[in-house]
Structures are given as C-alpha cells and as structure tokens.
Enquirer: 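Here's a structure for you.
Worth knowing before you read on, the calculation uses all heavy atoms, side chains too, and leaves out hydrogens, waters and symmetry mates. Both ligands and their constituent atoms are indexed starting at 1 by order of listing.
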Amino acid sequence: MSRAAGVTVRAPAKVNLVLEVGPPLPTGYHDLATVFHAVSLYDEVTATPAGPGPHATEVTVSVEGPGAGDVPLDERNLAVRAALLIGDRSGAFEPAHLHIRKGIPVAGGMAGGSADAAAALVACDALWKAGLSRAELLELAAELGSDVPFALLGGTAVGTGRGTELTPALARGDYDWVVALAGVGLSTPAVFRELDRLRAGRVLPEPRVASALMQALRRGDAESVGALLANDLQPAAVSLLPDLERTLEVGSEYGALGGVVSGSGPTVVFLARDAEHALDLSVALTASGAAAEVQRAHGPVPGARIVDGGRS
Ligand code: C5P
C-alpha cells in the first residue's frame with residue numbers, strides 16, 4: 001500500500017497551431033489569439049507526503065530526465081509555486097515532496113514548466129484531499145502562468161486574452177507530429193521583447209484565430225491544418241536563433257504538411273501525413289543535422305491526469 005502514499009500525475013506538452021500576438025500592454029503581457037493542441041510528450045509529477053521535520057512548511061522538489069539540470073529546485077520552479085498556491089488557497093497544505101520526470105523539452109516553447117504546474121495542482125489536490133473543482137483548479141492555473149490552464153484541459157482549444165481564456169475546439173482526427181529540438185533554450189520574455197522590437201511603430205490588427213483553421217480542424221483535414229500553421233513569434237525566435245530557418249527548410253523539403261516554431265521556440269514542430277511519414281521526416285531531420293534531437297508525437301491528447309495513487 002506504500003504506493004498509495006503518493007499521487008502521480010501526467011501532463012502533456014502543447015504546440016500552438018496558430019499564435020497571433022497583439023501589441024504590448026501596460027501589464028507587460030500581450031493579448032493573444034491561439035489554438036493550443038496537446039501532444040504526447042509528457043512530464044510526470046509525483047507528490048508524496050514529506051512528514052514533519054526541517055521542511056515542515058515547505059515543498060521540496062527533485063527532477064530527473066533530459067534537461068533536468070536546467071530546472072530550478074526552489075520557488076522559481078512552477079510546480080513548487082503551484083503546490084504552495086493550492087495549499088494556501090485550499091487550507092489543506094501539508095509538507096510534500098514533488099518528483100518531476102521530464103519528457104517535455106526544457107525551455108523549448110512546449111510549456112513543460114506549465115505542464116509541471118498543472119500536474120502539481122492535480123497531484124496536491126488529490127494528496128491533500130483538498131477537493132477543489134475543475135473551475136477552481138483552472139483559476140489557480142491562470143495565476144501561475146499563461147499556459148497552465150491549457151495543460152489542465154488538454155485536447156485542442158482556442159485561447160484568448162493572456163492565453164488563459166479557453167474554449168475547447170471541435171476537432172476531428174489524430175495528428176502526427178515531428179518535434180525538432182534546438183539543443184539550446186529561448187527565454188519567453190526575450191522572444192516577446194524581440195517581437196515588439198521587430199514590429200515597433202506598426203499598427204497591429206486585433207489578434208484572432210482564422211475561421212479557415214477551425215473549419216479544417218472540424219473536418220480533420222490535416223493537409224489544410226498544415227498549410228495554416230502560423231506563429232507571430234516565429235520571426236522573433238528566428239531573429240534570436242537564425243539556425244531555425246534551416247530546420248524549417250529541411251522539414252518542408254521532406255514534405256511536411258506544415259512546420260512552425262512552437263510557442264516562443266526554439267522547438268520547431270512539423271505536421272506529417274501519417275505515422276509512417278512522421279518516421280521518414282524524423283530520420284531526414286536527424287540525418288540533416290538541422291536539429292539537435294528529433295522526437296515524434298501525436299495529438300490531441302488529454303490534459304493533466306492522475307496515473308497512479310490518489311484513491312483511498
Ligand atoms: O504567463 P507566463 O509566465 O507563462 O509568461 C511568461 C512571459 O511571456 C511573460 O512574462 C511575458 O513576458 C510573456 N507573455 C506575454 N503575453 C502573454 C503571455 C506571455 O507577453 N499573453
């Protein structure tokens with residue numbers, strides 16, 4: 001029964017099928033219009049009781065997996081902040097340890113930190129029997145970061161405002177993705193700043209998601225979805241990391257239905273025709289040397305879910 005002492009939650013990475021960014025706001029944020037799509041790269045967070053002792057008021061954390069060394073182990077860690085927030089608001093706080101298993105690239109523009117925060121919310125809610133509703137968890141998620149609510153929700157969804165106002169999208173079919181990692185990270189605020197610099201003085205339209213993409217998703221039309229992939233942050237990410245241009249070119253040479261920088265990058269995602277094409281494309285990208293590492297994923301997949309423990 002010792003396994004029941006901990007709760008393990010799995011949360012997915014996201015790609016943005018489109019990402020339109022408005023002008024900078026006085027809040028330091030930008031209004032967005034985006035379509036989030038959860039893909040099958042996952043982080044897992046296990047929350048266990050830490051018991052009384054020197055850490056009685058704390059949440060401690062450990063991290064394993066690729067890029068683990070770059071993940072902070074203090075309150076800069078979004079999963080720790082999530083645990084402290086839900087502990088505080090629910091009044092159910094108890095000392096806990098979080099163990100994070102990374103499967104989502106660190107600082108890759110795929111919302112790995114946000115996935116950890118969403119997983120920590122669900123895990124601590126179950127561990128402490130806090131009993132928060134889905135709506136309450138989504139509210140806490142929005143306080144933690146712009147991509148955290150979507151990591152709870154999963155699937156395919158339109159995001160507006162800061163990215164936290166979500167509407168599930170009607171989407172048919174399963175999509176095969178090839179994920180090209182750059183081997184270095186990009187800072188999200190730096191990419192937004194670069195975008196503002198590149199667009200300084202321009203009058204920008206209100207961000208909105210094109211209806212053509214929503215229709216293509218409704219039809220399950222991968223060819224059209226591929227052709228409509230777009231990201232306002234891409235020129236900024238490419239400006240900071242010019243090698244991304246070549247990665248995008250290689251994907252297109254090998255017949256990707258579309259390719260786009262994911263979120264603030266530097267990960268580039270390509271939509272393949274099917275699983276076999278995704279394999280061919282990933283081999284070609286690896287052989288070209290245009291990506292530090294290549295992975296395959298499919299989507300949409302569900303948001304943060306308990307995979308072990310949490311029932312007693
Ligand atoms: O919300 P989150 O902490 O994930 O955002 C990280 C950074 O990304 C923000 O500090 C801001 O610089 C930028 N951002 C933005 N507009 C958004 C979302 C994020 O400018 N809607």
Enquirer: At a 4.0 Å threshold, what atoms of ligand 1 neighbour a non-hydrogen atom of G145?
Expert: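 Result: 1 (O).
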Enquirer: Return the option from S187, G161, S146, S264 holding the heavy atom at the smallest distance from atom 1 (O) of ligand 1.
Expert: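 Selected option, by shortest heavy-atom distance: S146.
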Enquirer: Are side-chain N/O atoms of S252 and E249 paired as donor and acceptor at under 3.5 Å?
Expert: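 There is no such pair (donor and acceptor under 3.5 Å, judged by atom type) between the side chains of S252 and E249.
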Enquirer: Relative to the heavy atoms of R162, which atoms of ligand 1 are at a distance of less than 4.0 Å?
Expert: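 Near R162, the atoms of ligand 1 are 1 (O), 17 (C), 18 (C), 21 (N).
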Enquirer: Any sub-3.5 Å donor-acceptor pair from D31's side-chain atoms to G22's backbone N or O?
Expert: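 The answer is no, because no donor-acceptor pair under 3.5 Å joins these two groups.
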Enquirer: Taking all non-hydrogen atoms of both residues into account, name the closest pair between R273 and G255 and its distance.
Expert: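 Closest approach of R273 to G255, heavy atoms only: NH1-O, 3.9 Å.
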Enquirer: For atom 13 (C) of ligand 1, which protein heavy atom lies nearest, and how many Å away is it?
Expert: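 Looking at atom 13 (C) of ligand 1, the protein heavy atom closest to it is F192 CD1, 3.3 Å.
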Enquirer: Numbering the atoms of ligand 1 from 1, which are under 4.0 Å from a heavy atom of H30?
Expert: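 Near H30, the atoms of ligand 1 are 15 (C), 16 (N), 17 (C), 20 (O), 21 (N).
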Enquirer: Under 6.0 Å between ring centres: does that hold for F192 and H30?
Expert: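 F192 vs H30: aromatic centres under 6.0 Å.
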Enquirer: Which of the atoms of ligand 1 are close to L32, meaning less than 4.0 Å from one of its heavy atoms?
Expert: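 Going through ligand 1 atom by atom, the ones under 4.0 Å from L32 are 21 (N).
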Enquirer: Taking the inter-plane angle between the rings of H97 and H99 on a 0 to 90° scale, is it parallel (under 30°), tilted (30 to 60°) or perpendicular (over 60°)?
Expert: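 Taking H99 first and then H97, their aromatic rings lie parallel (interplane angle under 30°).
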Enquirer: Below 4.0 Å from any atom of ligand 1, is there a heavy atom belonging to D147?
Expert: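 Outside the 4.0 Å threshold, so no.
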Enquirer: Determine whether a donor-acceptor pair (N or O, by modelled atom type, separation under 3.5 Å) exists between the side chain of D176 and the backbone of A278.
Expert: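 Here the side-chain-to-backbone pair does not exist.
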Enquirer: Heavy-atom pairs closer than 4.0 Å: do any link ligand 1 to the side chain of Y29, the backbone, both, or neither?
Expert: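 Both backbone and side chain of Y29 come within 4.0 Å of ligand 1.
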Enquirer: Closest heavy-atom contact between L153 and A157?
Expert: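 It is CD2-CB, 3.9 Å.
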Enquirer: Does at least one non-hydrogen atom of G28 fall below 4.0 angstrom from an atom of ligand 1?
Expert: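 Contact check G28 vs ligand 1: positive.
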Enquirer: Would you say V122 and L85 are hydrophobically clustered, going by side-chain heavy atoms of ILVMFWY under 4.5 Å?
Expert: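 Same hydrophobic cluster.
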Enquirer: Starting from atom 8 (O) of ligand 1, what is the nearest protein heavy atom, named by residue and atom, and what distance separates them?
Expert: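 Ranking protein heavy atoms by distance from atom 8 (O) of ligand 1, first comes T188 CG2, 3.2 Å.
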Enquirer: Can you tell me the protein heavy atom closest to atom 10 (O) of ligand 1 and the distance?
Expert: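 Looking only at protein heavy atoms, the one closest to atom 10 (O) of ligand 1 is P189 CG, 4.2 Å.
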